[in-house]
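What you see is a predicted model; the values in this text were computed from it and never measured. The sequence lines fix the lettering, A, B, ..., with proteins before strands; numbering per chain opens at 1.
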Amino acid sequence: MVDQLPNLGREAEMLAAMGMDSIDDLFTDIPEHVRRVDPLDLPSPQTEEEILREARMLLGTNVSVDSRPSFLGAGLYSNYVPTMVAMLATRGEFLTAYTPYQPEVSQGILQAMWEFQTMVSELVGLPVSNVSMYDASTAAAEALTCAVRVHDRKAAQKSTVYVSELVPPHRMSVIENYTQGAEIAIKILPHDEDGMLDLTAAAAAEGACAVYVEQPNALGLLDPGLCELKSMIGENTALVVGVQPVSLGLVSPPGDYGADIVVGEGQPFGIGPTAGGPIYGLFACSQAYIRQMPGRIVGLSRDSDGERAFTLTLSTREQHIRRHRATSNICSNETLIALMGAMHMALLGPEGLEKLAQRNAGACATTKAALLAIDGIEMVHPNGVHFNEFAIRLPRPSVDLLTFLDEECEITGGFDLSQWWPERENELLVCATDQIDAEDIEELAEGIRDWLEASK
Amino acid sequence: MVDQLPNLGREAEMLAAMGMDSIDDLFTDIPEHVRRVDPLDLPSPQTEEEILREARMLLGTNVSVDSRPSFLGAGLYSNYVPTMVAMLATRGEFLTAYTPYQPEVSQGILQAMWEFQTMVSELVGLPVSNVSMYDASTAAAEALTCAVRVHDRKAAQKSTVYVSELVPPHRMSVIENYTQGAEIAIKILPHDEDGMLDLTAAAAAEGACAVYVEQPNALGLLDPGLCELKSMIGENTALVVGVQPVSLGLVSPPGDYGADIVVGEGQPFGIGPTAGGPIYGLFACSQAYIRQMPGRIVGLSRDSDGERAFTLTLSTREQHIRRHRATSNICSNETLIALMGAMHMALLGPEGLEKLAQRNAGACATTKAALLAIDGIEMVHPNGVHFNEFAIRLPRPSVDLLTFLDEECEITGGFDLSQWWPERENELLVCATDQIDAEDIEELAEGIRDWLEASK
Amino acid sequence: MSDLFAFNGAEGAGYAQPEPISDEFAIPDKLRRSTLPRWPRASEPEIVRHYTWLSTRSHGIDSGFYPLGSCTMKHNPRVNERIVQMPGMNDLHALAPASHLQGMMAIFHEMQEMLAHCAGMDTVTLQPVAGAQGEFTAMRCIQEYHREIGQANRDKVIVPDSAHGTNPASAAMCGYEIIEIPSLENGRLDLDALRAVVGDDTAAMMITNPSTLGIFEPEIAEAAEIVHEAGGQMYYDGANFNAILGKTNPGMMGFDAVHYNLHKTFSQPHGGGGPGAGPIGVKAHLSDYLPAPLVVAEEDEEGEVWFDWYDPPKSIGKVQQWHGNSGATVRAWAFYRRYGRDLEKMSEHAVLNANYLRHRIMNPSKEVRDAIHAMPVDGAPTDVVKHEFTLSMTPVKDATGVTGKDVAKRLLDYGYMAPTLYFPMIVPECLMLEPTETESKEAIDQFADDFLNILTEDPEIVKTAPHDTPVKRVDEVWAARNLVLRHPMDD
Amino acid sequence: MSDLFAFNGAEGAGYAQPEPISDEFAIPDKLRRSTLPRWPRASEPEIVRHYTWLSTRSHGIDSGFYPLGSCTMKHNPRVNERIVQMPGMNDLHALAPASHLQGMMAIFHEMQEMLAHCAGMDTVTLQPVAGAQGEFTAMRCIQEYHREIGQANRDKVIVPDSAHGTNPASAAMCGYEIIEIPSLENGRLDLDALRAVVGDDTAAMMITNPSTLGIFEPEIAEAAEIVHEAGGQMYYDGANFNAILGKTNPGMMGFDAVHYNLHKTFSQPHGGGGPGAGPIGVKAHLSDYLPAPLVVAEEDEEGEVWFDWYDPPKSIGKVQQWHGNSGATVRAWAFYRRYGRDLEKMSEHAVLNANYLRHRIMNPSKEVRDAIHAMPVDGAPTDVVKHEFTLSMTPVKDATGVTGKDVAKRLLDYGYMAPTLYFPMIVPECLMLEPTETESKEAIDQFADDFLNILTEDPEIVKTAPHDTPVKRVDEVWAARNLVLRHPMDD
Ligand SMILES: Cc1ncc(COP(=O)(O)O)c(C=O)c1O
Ligand SMILES: Cc1ncc(COP(=O)(O)O)c(C=O)c1O
């Protein structure tokens, strides 16, 4: 019997108080023809012990990125999250609260989110952040619809946005799903041989509602050319930049080079890759977009005694007030994970962030050097500067190498780029974060050499 | 550099405020001849990440009782502790508080300990419990010194206590260390062939200050004869009973058969065997012993508004007030673990306790039956009723079997009784708790059969 | 007061990390960050104390009764949190090969099947990460379905005026036009109003049952027939699923698609606003449109089961970049396993508790009744409610000037979270209460007594509430007017 | 208010466990329990909420400044808690073969060596589970040593009157007679008083340095010489070790034995009163008497290290049944690794913070000074203190009737834990303050300001404090007089 119901065995007493005889009396309002006759065809209830044992068994069959050298990134990054984060975020007052509709008893989470907004704002160089989107892809998608709402009236290219061709297809698919309802046309921005945005082509975006690019891009490339974009597309076209937030410990905040909206996967701050969710999307923007932005926002206020207090604000943008004219349908978001992110950022501090970025950059550079030294391995973008990851070209399909590394060396070797772009069959995206050490890199290089050898 | 010091890098500022120049100015009071010259010969500080990695590596080399079938008990028991316990006990307000000297801001831990006292009192059938001793052995030892303080004046056998010969030697050693200062004479109570206390011999304890016996005893035997003891030794001799508290879900509370003091290892409630510590000792007694009992006690009180409040009480017994005349030197105790025990007991409830005892008894009985069925294995006490554990006699030294089971079968087979009593070289103490299932038992029986076979 | 940005340690003195394994990396000059973000400089002791302090200024279910209607704030079994922190969960990569994810995929598969069974649907995807995203995803599937069968002209979605705001918002995001139909006086669905608006431009009707008033729509099957006859699809907002498990299901009622709020029915910690999870289930004709990928099970000759990813042939693509909120799915799995077929008991107790609370509030003792300024009235008259119910505080307002909001704020002083306020919009001065099945009779009795007691209190005390909370009544207008959305860093 | 024994669910409805694997067991008739204990009948939701509520009524370091002198209430790095919850720790059996415990024994061995090095001792045992037990254990070793060398007549232990209560209590438990010697006017050790009592019946002197007044005894080496000359042993109470790491050590000062309070110097969470851990270190002549077993390291031909248990030949036996508080040892190991040789910095900062706090309190601004009724005075006059210091509130009491206790209670209203009160007993109206190294300058400044502010407040407010705590001032006399030590179960 299930053990979570405090009133189990006390039904009669409660029913009697209401003048009822049986539980069935509570369901008389369900007409016969929609009444279930058979009971649920589900197993017996289990105890906590049994569930834990089974969970341990099932999850134990998974192969995690922490259990072996793993060079798989491609948008989700392994990183060390300080112990404090999980221990404090699971305090019941945070864990089991809902959206802070009653600010008087929700000051803790409200203040934490206001601080989160501040830290994100500082990180990306824009004045406003919301308290999270579902993930980077919905954040990017809603940034585009937001930009269209802001700029469409004056836009020369109505309902049109330009998106980098190097946006990963999964993210692109989300963008398409989210923009098609508003009949937004998506034009693709090409890249040059070095993986840099083709700025000549990008000039065509002037007069559109928005341009969406990523820094670093999906192939790990840092693109200085993006600093030119804003001046090319002008005030009336939103520059939307997607970021890997850890990189911003070394790389200019997009706000500094003219971004109007910055989005990204907040995940590296606060939580492991966790199979892709729950994670959280970052969304920050400049003043002009505030009233069209999606998601919850916390503002400073005061209470009736004049004391500092926080509250949700700008809610007239939201679905519960504006309904079908809302700026987004988002209701439940990812606050808890954003809270974990905030704790992580707060603990790192400015120099900790810089160090973390250096650790990632250092691991990436060392891995790159080690692989470049292997005969038969080529960089796809030999002139590029990479953060976290880079693409290499192999003599044969990368899926072969990945299988070899997985089965023979117990290494997760990276991401087969043909899963995103079929033409990139021989290309492998190799990622190294702060969790990769010299030994891991040596093992990877060794494994690749063995594979090249074996296939000779 | 170490990262736990908020004022690192701000020393100069703080020193300047005091008119000082350097940290050395703070240590001028240490005379030259006792000043260290060399720095500490210790390694560099490590980061959280590095320590965690090394701890995982080191602890990973340990072989835990959860990682394989384990029949090792002998006073420390494996049991399932509900998740809630660790999650709530590690809330900072509990975890990082010290002894509740200021009751006004310590009501939480005080109430929790008062509830703990109540649950222990109900469990053992005595009116008073303290908030924990270090472990069962110090609890037993201090029960004896307490009994001597109470009874010595009227005792016919001055400063004399009787202790069962089946008390494990490690516990006995603690008892000896704790009683020798008061010059207490310890006489030994023999047992019969069935492992039952020799009641005829026990009659000699009349007029002594105390008798200490255990239920179940160290060989897992339940001894109904203990119910006769109190009437034999009389009012002026304390009956002190040591218990495995889980057994009390099925077995009479010692208070019901006349125990004056009950002690025991609280560990099965709240925490795993955890290499023997931190665990906590139970100590409960009848009214007559209150003013001589060791340890902290919480009492109900009221505040200046007349509201219910809790506070430490009876502190005039304790070392910080009574100094060398204190009832014990105990100061720091094991409150946090007792709190975990309280949470566990509260969640179990009466029927949960009974079920837990049944699970232990059922596992023990099944294991016993399975081993008895093996040719060549004998029960040491075939007529005994056992809880949790029982002793078997092997054709050869039990250490051989244990090594075989460990190395060939990855089973921890039990406890080699010759470690306690050299003459019991061929005897093995086998324990089965609620965490042992039918499969584990089958594996053990199989392993023993293989060993018998191999050694033929 | 603790202010994160007042932490002011020396440069580089805080939380330490291992050194980079190399400093041989380059950042292009143009992209080199010139000044670091002005994050706090704090040590672990300060940060631990800061967030501990913050937590004590927040109220969760663990802190007390949380009758926030429509949100199903039930207890979160603690073992679920332990499970998601175990190795093999938090440290999984979504793009790892299927051979690395078999345990997780086994759980996904079991959840797909279980959810489909409970709702009477054919196929389930776990990808949407919230109820609203579930709505959006299902509406996208319906849209593609209509396009595929040559009915792209169906561009209208019907929603009752009692619907949750996400329903119209989600449909609108797909490009649909929203037709809102008014409810009957008694709060029920108005079939005539529905008949009046359906047509061959109807894409779908979105509705929840029990409705947001907590009452079961007895004519739901008839409504489905009307919509289906017009060629439209029926969408079930599953936010109120907690009321009906084992008693009925959306499939029986005639729905084509449904979302589940795992964070309501299956107990996710709401975490101050999320994460949630909003899987959707659909009937067979919509299955091919679901987002990719789903998990399928294949058995080999030896009976070994292998789990694989499967992309539905006409898939709308993705709505979240990875596999949705996998961690939420695993928690919900642990929750479901705790109940098994007793999920029916869960619904029974949710309904029992709601009716009992309603009964206790609406039937005060004579003594209490005499002391009360004015009694609230039912948001919708009905014999039994399901898992929640609404009260209109209009009589109280008329008699004393005390609004629903005032009562809500006063409840905070008693240690409760306030009920949902002013939703659904069709009930004037609405309070919406949902105790959930995890509240004890004692807790409900106590709440009812306290609630009634507030109605006897000096109206001035109630109007100026709360008084005993970390801050007094917060000025929301000031916040909206001044928009201080981050720390100014100038003090 | 939440009362555990008011939880009142139906029989058997609470927390579920798997069924017993067999019901074929017997309990002898005479021993069959007739009625189950009247424990609460509660479900997980109720228990979680109960303990959450209780926790909010307790104050820990995580809640705020905790200047409890002599207790070294420093921050507990959170990773330490994570480590002791890892597999291979909590699930270890103390009696498992050494081959199963190599990782733990490696940690034990490292800790034995590290602690010996830091204190200038030769051998360390980790078995004692608290400071008091460490004292007892060391005194037992000394006792056996004296017996062994034919000096069983040494039956007196000398302690200064400023000693912690556990010192005389522990020695008395060994059977020693206690000779208390008075301190000098300035709080220091009185060598003449010491000389007057030492003799051939002196077993040992027990003393802590810095003393409980927080001041370093400059003549400690001389004291050791006096005791040693009389044939006695010197015992160092290590509760104040936090002040001197890397600066001096008990070995240099002439001590023969020392206990460490791991829960002070090496940061154990104090958990509302414990667990702690009280390892002891001794000089070579006492090593053979230590409790069994110790951990020793053996290297084989290939350089592989193997850890084994070792029983000292003349061991006093056991003081705890297992290996002491192993979990505390592992936490302390993690703490030590975080600092490494910077343990010296730790002590420097502990001393820096204490001196700075003392300076801030004793040197108010003119404005504040003028508003203060009366200033406290130093518990012992000195230029610098070590990690803690004492204040005598006598001038305040004389001027306003406000006692040290009143000020302590008033501090609670400001969100602080009170300093240690009325200890050491030689300082009248004593408050003893120890900020530890993990408090920031800001936190110390704020505390000093608040402390001084209390001295300016209306004495009536202070005398009736606390006012803003979960309960008002608690009547300790009522508790002692009525002795309600458990729930009566009759209401
Ligand atoms: C009736 C109803 N529908 C839909 C939703 C939206 O769910 P979510 O918050 O998960 O997006 C909610 C949530 O509050 C709801 O109550
Ligand atoms: C100076 C001093 N000595 C000894 C002790 C005893 O230590 P424990 O509480 O660990 O038994 C304490 C603890 O408060 C102390 O402050």
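Only the side chain of D/Arg140 comes within contact range of chain B, with heavy atoms under 4.5 Å apart. With a threshold of 4.5 angstrom between heavy atoms, D/Tyr176 does not approach chain B through any atom at all. For chain B, the nearby parts of D/His164 are the backbone and the side chain; heavy atoms of each come within less than 4.5 Å. Only the side chain of B/Thr412 comes within contact range of chain D, with at least one heavy atom under 4.5 Å from a heavy atom of that chain. If you measure heavy-atom distances from D/Leu485 to chain B, the contacts under 4.5 Å come from both the backbone and the side chain. B/Glu183 does not touch chain D: none of its heavy atoms, backbone or side chain, sits under 4.5 Å away. Both the backbone and the side chain of D/Leu95 come within less than 4.5 Å of a heavy atom of chain B. For B/Met113, no part lies near chain D; criterion is any non-hydrogen pair under 4.5 Å. Contacts of D/His117 with chain B are made by both backbone and side-chain atoms, with heavy-atom separations under 4.5 Å. Looking at B/Leu248, the atoms closer than 4.5 Å to chain D (heavy atoms on both sides) sit in the backbone and in the side chain alike. Heavy atoms of B/Arg325 lying under 4.5 Å from chain D are absent altogether. For a residue to count as touching a neighbouring chain, one of its non-hydrogen atoms must lie under 4.5 Å from one of that chain's; by this rule B/Glu307 does not touch chain D. With a 4.5 angstrom heavy-atom cutoff, B/Ile290 touches chain D only via side-chain atoms. No part of B/Ser78 comes within reach of chain D, as not one of its non-hydrogen atoms sits under 4.5 angstrom from that chain. Residue contact with chain B, scored on non-hydrogen atoms closer than 4.5 Å, involves the side chain of D/Met73 exclusively. Residue contact with chain D, scored on non-hydrogen atoms closer than 4.5 Å, involves the backbone of B/Phe310 exclusively. Residue D/His323 touches chain B through both its backbone and its side chain, counting heavy-atom pairs closer than 4.5 Å. For B/Pro127, the part lying under 4.5 angstrom from a heavy atom of chain D is the backbone only. For B/Arg322, no part sits under 4.5 Å from any heavy atom of chain D, backbone or side chain. Heavy atoms closer than 4.5 Å to chain B are found in both the backbone and the side chain of D/Leu352. Heavy atoms of D/Ala328 lying under 4.5 Å from chain B belong exclusively to its backbone. For B/Val128, the part lying under 4.5 angstrom from a heavy atom of chain D is the side chain only. For a residue to count as touching a neighbouring chain, one of its non-hydrogen atoms must lie under 4.5 Å from one of that chain's; by this rule D/Met86 touches chain B with the side chain only. For chain B, the nearby part of D/Glu439 is the backbone; its heavy atoms alone come within less than 4.5 Å. Residue contact with chain D, scored on non-hydrogen atoms closer than 4.5 Å, involves the backbone and the side chain of B/Arg171 alike. When heavy atoms are compared at a cutoff of 4.5 Å, B/Val385 approaches chain D solely by way of its side chain, counted from C-beta outward. Within the 4.5 angstrom heavy-atom criterion, only backbone atoms of D/Pro87 (N, CA, C, O) approach chain B. Looking at D/Asn355, the atoms closer than 4.5 Å to chain B (heavy atoms on both sides) sit in the backbone and in the side chain alike.
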Verdict with reasoning, B/Ser252 to D/Arg32, per side chain to side chain donor-acceptor pair (under 3.5 Å): CA-CA 5 Å; B/Ser252 296; D/Arg32 210 168 288 140; over 6 Å; no
Just do the side chain to side chain contact (heavy atoms under 4.5 Å, CB included) check on B/Leu42 and D/Glu344 with the steps written out, would you? CA-CA 10 Å; B/Leu42 296 174; D/Glu344 180 170 353; over 6 Å; no
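The pair B/Lys355-D/Glu19 meets the salt-bridge criterion, since a charged nitrogen lies less than 4.0 angstrom from a carboxylate oxygen. Taking 4.0 Å as the cut-off between side-chain N and carboxylate O, D/Lys345 and D/Glu437 do not count as a salt-bridged pair. No salt bridge links B/Glu93 with D/Arg57; every basic N to acidic carboxylate O contact stays at or beyond 4.0 Å. Using a cutoff of 4.0 Å between basic side-chain nitrogens and carboxylate oxygens, D/Arg473 and B/Glu104 are not scored as salt-bridged.
Taking B/Arg91, B/His320, B/Gln117 one by one and counting their heavy-atom pairs under 4.5 Å with chain D, the maximum is reached by B/Arg91. Most heavy-atom pairs under 4.5 Å with chain D: of the set B/Glu11, B/Gln102, B/Arg56, this distinction falls to B/Gln102. In terms of heavy-atom pairs under 4.5 Å with chain D, the best-connected choice from B/Ser121, B/Ala326, B/Gly60 is B/Ser121. Contact count versus chain B (heavy atoms, under 4.5 Å) is highest, among D/His75, D/Lys409, D/Glu44, D/Glu135, for D/Lys409. Ranking B/Glu354, B/Gln180, B/Gln358 against chain D, the residue ahead of the rest is B/Gln180, based on heavy-atom pairs under 4.5 Å.
Heavy atoms only, all atoms of each residue included: D/Glu24 and B/Ala365 are closest at O-CB, 3.2 Å. Residues B/Asn62 and D/Gly88 share a closest heavy-atom pair of ND2-O, 2.9 Å. Across D/Phe25 and B/Leu250, no two heavy atoms sit closer than the pair CE1-CD1, 3.7 Å.
Using the six-membered ring where Trp is involved, D/His487 and B/Trp114 have ring planes that are tilted, between 30° and 60° apart.
Side chain of B/Ser301 to backbone of D/Glu476: no donor-acceptor contact under 3.5 angstrom is found. Here the side chain of D/Lys386 pairs a donor or acceptor atom with the backbone of B/Leu26 at under 3.5 angstrom. No donor-acceptor pair closer than 3.5 Å links the side chain of B/Asn177 to the backbone N or O of D/Val319.
In the model, B/Ser137 has a side-chain atom that pairs as donor or acceptor with a side-chain atom of B/Asp135 under 3.5 Å. Between the side chains of B/Ser332 and B/Tyr98, at least one donor N or O lies within less than 3.5 Å of an accepting N or O. If you check the side chains of B/Thr90 and D/Glu81, you find no donor sitting under 3.5 Å from an acceptor. Remark: the D/His100 side chain and the B/Asp406 side chain contain an N/O donor-acceptor pair separated by less than 3.5 Å.
Atom OG1 of B/Thr28 sits about 7.5 Å away from atom CZ of B/Arg35, to the nearest 0.5 Å. If you take OG on B/Ser70 and CG on D/Asp91, they are separated by 10.0 Å, rounding to the nearest 0.5 Å.
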